[in-house]
*Asks:* 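Provided herewith is a single structure, encoded as structure tokens, for subsequent inquiry.
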2 protein chains.
Amino acid sequence: MKNTYRIGEVATRTGCSPESIRHYEKLGLLPPAKRSEQGYRHYDQAALARIGFIRHGRSLGLDLHSIQELLALSDHPDTDCGAADDIATRHLQHLEARIAKLQALAAELRQVVQQCRGGKTADCQIIQTLYDHTLACSEHGCG
Amino acid sequence: MKNTYRIGEVATRTGCSPESIRHYEKLGLLPPAKRSEQGYRHYDQAALARIGFIRHGRSLGLDLHSIQELLALSDHPDTDCGAADDIATRHLQHLEARIAKLQALAAELRQVVQQCRGGKTADCQIIQTLYDHTLACSEHGCG
DNA sequence: GCTTGACCCTGTAACGATTACAGGGTTTAG
DNA sequence: CTAAACCCTGTAATCGTTACAGGGTCAAGC
């Protein structure tokens with residue numbers, strides 16, 4: 001059981017590329033890593049946990065700014081939890097809005113695809129629909 | 001009824017910013033616009049229709065590369081319609097996959113948010129869950 | 001005539017998160 | 001001793017859009 005890891009091993013353990021880890025450090029989500037005499041970054045378990053935190057947040061679709069806010073809250077255990085709840089709830093609403101929009105898009109695209117009866121491009125209903133604004137934009141206010 | 005429009009008027013008519021129009025031209029989705037003596041771009045009805053095509057494709061979530069392919073097909077009316085169908089179908093599948101992923105994310109995030117009971121950050125379940133990989137990653141293979 | 005504001009032009013950089021280099025040094029295994 | 005695999009920094013690419021900077025053109029109003 002090693003107590004420190006170089007960036008490559010951290011990458012394999014966390015599923016986070018070395019480039020991303022360095023990027024997080026540059027952005028301030030990670031504190032400057034300790035360096036060996038040759039300048040190699042070394043990470044301990046706490047750093048691994050922090051990178052895992054970031055990765056998990058990213059896998060939930062949180063942006064790095066939100067994750068940074070959550071990390072800042074985590075670094076100050078005495079602050080109120082409501083701020084964290086706000087960030088997560090805000091993101092959840094953002095997600096739900098995006099899902100709704102994508103579903104509307106998919107429904108419209110499904111309709112467009114179904115209109116295709118084969119044949120030549122000149123008669124293709126997919127292309128015709130894209131040219132004709134009034135058809136596909138009628139159901140939801142696009143543009 | 002004018003027969004040509006300057007870029008600003010095209011922008012208001014199509015809902016596409018002048019910057020984007022110039023960008024589409026640089027990328028080759030639009031042919032080089034005719035210029036006035038002073039170098040101002042001028043557009044006719046056909047160009048307006050083409051920009052509308054692009055905008056509509058974008059509003060459906062198509063990327064500019066796919067739109068360029070569709071425009072190329074549209075420019076060659078004798079080609080087979082199947083290629084257009086492929087592009088649209090491929091994008092639809094892409095959309096559906098993204099929706100499914102976002103829904104899984106939202107479900108997980110909803111669960112995380114519900115665990116928050118208020119209080120101090122030190123006890124916040126939102127932050128704890130982000131630190132703890134095993135909890136939230138169990139349901140779908142994240143990472 | 002002269003200024004003000006609204007246009008237009010080009011080229012470049014920013015956004016967010018990641019990836020891919022180039023160009024160089026270090027470690028490790030054969 | 002050498003080749004592969006690793007590490008470093010810094011820069012540029014990706015995607016589509018927006019925002020500049022720095023300059024030219026044209027209309028209306030004084």
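Chain naming here is simple, since letters A, B, ... match the order of the sequence lines and numbering starts at 1 in each.
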*Asks:* Do B:Y40 and B:I51 share a hydrophobic cluster (ILVMFWY, side-chain heavy atoms under 4.5 Å, transitive)?
*Replies:* no
*Asks:* Examine distances only and state if a side-chain atom of A:T129 and a backbone atom of A:Q125 form a donor-acceptor pair shorter than 3.5 Å.
*Replies:*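 Between the backbone of A:Q125 and the side chain of A:T129 there is a qualifying donor-acceptor contact (under 3.5 Å).
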*Asks:* Give a yes/no answer on whether the side chain of A:Q38 brings an N or O atom under 4.0 Å of OP1 or OP2 in C:dT27.
*Replies:*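 The answer is yes; a side-chain N or O of A:Q38 sits under 4.0 Å from OP1 or OP2.
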*Asks:* If we fit an axis to the first five pairs and another to the last five of the helix from C:dG1-D:dC30 to C:dG30-D:dC1, what angle do they make, to the nearest 10°?
*Replies:*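 Comparing the axis at each end, I get an angle of 20°.
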*Asks:* Does this structure show an ion pair linking A:R50 with A:D75, if we count only N-O contacts that are shorter than 4.0 Å?
*Replies:*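 Judged by the 4.0 Å cut-off on N to carboxylate O distance, A:R50 and A:D75 do form a salt bridge.
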*Asks:* Could you run through nucleotides 10-19 of chain D and give me one letter per nucleotide, 5' to 3': B if any protein heavy atom sits under 4.0 Å from the base, S if only the sugar-phosphate is that close, - if neither?
*Replies:* ------SBB-
*Asks:* Filter on side-chain hydrogen bond (donor to acceptor under 3.5 Å, both in side chains), then keep only pairs touching residues 23-33 of chain A, sequence neighbours left out; what's left?
*Replies:*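 Found A:Y24-A:R55, A:E25-A:R41.
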*Asks:* Could I get the full list of salt bridge (charged side-chain N to carboxylate O under 4.0 Å, His left out) partners for B:R110, not counting sequence neighbours?
*Replies:* A:E96
*Asks:* At less than 4.0 Å, is any side-chain N or O atom of A:R41 found next to OP1 or OP2 of D:dC8? Yes or no.
*Replies:*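 The answer is yes; a side-chain N or O of A:R41 sits under 4.0 Å from OP1 or OP2.
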*Asks:* Spell out, as yes or no, whether a donor-acceptor pair under 3.5 Å connects the side chain of B:T12 to the backbone of B:E9.
*Replies:* yes
*Asks:* Between the protein and nucleotides 21-24 of chain D, which nitrogen or oxygen pairs come in under 3.5 angstrom?
*Replies:*
from, atom 1, to, atom 2, distance (Å)
D:dG24, N2, B:Y40, OH, 2.9

*Asks:* So, taking the atom named OG in A:S74 and the one named CG in B:L130, what distance separates them when rounded to the nearest 0.5 Å?
*Replies:*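 Here the rounded value is 9.0 Å.
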*Asks:* Looking at B:R58 and B:D63, is there a salt bridge between them, counting it only when a charged N and a carboxylate O are closer than 4.0 Å?
*Replies:* no
*Asks:* Do the two ring centres, one from A:Y5 and one from A:Y43, sit under 6.0 Å apart?
*Replies:* no
*Asks:* Can you tell me how far NE2 of A:H76 sits from CG of A:L71, rounded to the nearest 0.5 angstrom?
*Replies:* 11.0 Å
*Asks:* Identify, residue by residue, the members of residues 90-100 of chain B with a heavy atom below 4.0 Å from DNA chain C, and return them in order of residue number, or none.
*Replies:*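 The stretch gives none, as no residue of it lies under 4.0 Å from the strand.
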